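Taking it in order: structure first as structure tokens, then the write-up.
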Amino acid sequence: LPISPFIASLPKVELHIHIEGTLQPLLRWTLAQRNNVPLKFKQQTYLTYQELLESYKVTYNHRPELGGRKDVPTFLEAYLAGCEVLLREEDFYDLAMDYLKRCQAMHVRYVEPFFDIQAHTRRGVAAGAVLNGYLRAQRDGAARYGVKSQWIFCFLRDEPVEDGEAAYEAALPWATCKGGHGLFHAVGLASNAYERPPILFKKAFARARADGLHLTTHCDFGQKDTHEHIRQAIFDLGVERIDHGLDALDRDELVEGLKTRGVGLTLCPHAYHRRTATGALFPKLRQLLDKGVKYCINSDDPAYMHDVWIDGNQEKAYHHGGLSKADMVQLGRNAVEMSWADESVKGSIY
Ligand code: ADE
Ligand code: ZN
């Protein structure tokens with residue numbers, strides 16, 4: 001779907017993007033050379049750039065735990081394989097600068113990227129290498145590209161809670177609170193949600209709240225126990241946003257909970273469209289608007305999702321969702337309102 005001039009020119013705010021999910025084949029190839037890391041994935045080794053490029057064309061397996069195919073890689077396996085080339089502070093810096101440069105080109109003015117620090121520390125990378133790389137990019141990206149960012153620490157929900165708590169403790173000096181370096185101002189919950197309900201992280205989230213940080217959690221579309229996960233996120237954890245959360249539409253009490261508690265959804269239409277028919281998916285965007293649920297449009301992991309970025313996701317919502325130009329502008333304003341940016345930043349976008 002080509003990006004229309006209207007979508008291209010909209011000022012944008014992105015609230016749901018995993019920085020590690022923006023690692024494009026070219027940078028991955030470059031970092032593999034620089035760090036002397038083989039590009040291995042499962043039984044395969046990518047020996048040429050062409051082979052690596054080809055690997056991005058597969059459609060990943062969805063929900064193998066629920067009976068999916070065993071011979072097709074899952075999205076998370078591919079994403080974590082990509083992470084293997086990220087070793088030094090410079091690598092994390094280059095990854096983030098690549099994305100922020102692209103933001104400038106797409107008129108993304110402000111962004112709240114997620115980072116999965118445990119995906120790196122559990123491979124033996126020092127927390128400081130990850131955090132200092134992103135911190136320098138936060139500063140240089142704002143100065144060089146005019147793209148401000150405030151970042152979100154994600155717990156890996158499929159790892160033991162204590163591991164996440166230890167990672168949080170190590171990262172805290174880089175947070176906005178308590179005179180920290182100011183990289184991240186929120187925590188989130190990512191990775192495989194299968195039998196890992198948000199409630200497991202209730203204490204970790206309460207701690208982050210007490211430290212003055214904002215809270216959000218993933219409740220992906222079509223997951224097992226998705227309605228219970230959304231209920232826990234709203235009512236037990238008291239998050240301020242939900243990442244995805246589209247299944248709330250099935251239950252009046254969840255729609256009501258989102259509205260009365262002022263919880264907005266960060267939706268990623270292309271992520272769902274990969275595995276959902278157009279006619280089953282896009283009417284939901286219209287319905288959410290009509291019911292008064294606040295949401296915005298984002299990209300999730302564009303490098304691993306057919307190179308569809310925030311503009312491509314907005315184009316899909318516009319084209320398939322029966323949304324008007326005024327609706328699209330409203331969704332852009334929603335992103336500003338749902339963001340945790342300083343008032344001065346919020347006021348500068350529209
Ligand atoms: N971590 C990074 N990308 C993710 C996704 N799309 N779903 C769950 N966890 C993730
Ligand atoms: Zn996500």
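Only a predicted model underlies this, so the values are computations on that prediction, with no experimental measurement involved. One-based numbering along the sequence shown. Remember, it's 1-based here, ligands and their atoms both numbered in the order they're listed. The figures that follow rest on heavy atoms only: side chains count, while hydrogens, waters and symmetry mates do not.
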Determine whether the side chains of [X] and [Y] contain a donor N or O and an acceptor N or O closer than 3.5 Å.
X      : Y      : value
Thr266 : Asn298 : no
Arg28  : Tyr56  : yes
Glu20  : His120 : yes

Practice problem: Please assess Phe92 against Phe115 for the test ring pair (Phe, Tyr, Trp, His ring centres under 6.0 Å), listing each intermediate value before the final yes or no. | Solution: CA-CA 10 Å; Phe92 296 96; Phe115 60 93; 9.9 Å; no

Exercise. Report the relative orientation of the aromatic rings in Tyr134 and Trp151; use parallel for angles under 30°, tilted for 30 to 60°, perpendicular for over 60°.
Key: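 Ring orientation of Tyr134 relative to Trp151: parallel.
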
Quiz item: Which protein N, O or S atoms lie under 2.8 Å from the Zn ion (ligand 2)?
Solution: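 Per the 2.8 Å query on the Zn ion (ligand 2), atoms found are His16 NE2, His18 NE2, His218 NE2, Asp300 OD1.
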
Quiz item: Within a reach of under 6.0 Å around CZ of Arg122, are more than 12 heavy atoms found that belong to other residues, nucleotides or ligands?
Solution: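 Yes, CZ of Arg122 has more than 12 neighbouring heavy atoms, counting only those of other groups under 6.0 Å.
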
Quiz item: Less than 6.0 Å separating the ring centroids of His218 and His18?
Solution: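 Distance test on ring centres: under 6.0 Å, yes.
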
Practice problem: Would you please indicate if the ring centroids of Phe282 and His273 are separated by under 6.0 Å? | Solution: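 Judged by ring-centre distance (under 6.0 Å), Phe282 and His273 do meet the cut-off.
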
Practice problem: Using a strict cut-off of under 4.0 Å between a residue heavy atom and any atom of ligand 1, list the qualifying protein residues by chain and number. | Solution: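 Within 4.0 Å of ligand 1, protein side: His18, Phe75, Leu76, Tyr79, Asp116, Ala190, Ser191, Asp300, Asp301.
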
Quiz prompt | Residues Arg275 and Asp220 bridged, charged N to O under 4.0 Å | solution =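 Answer for the salt bridge query: yes.
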
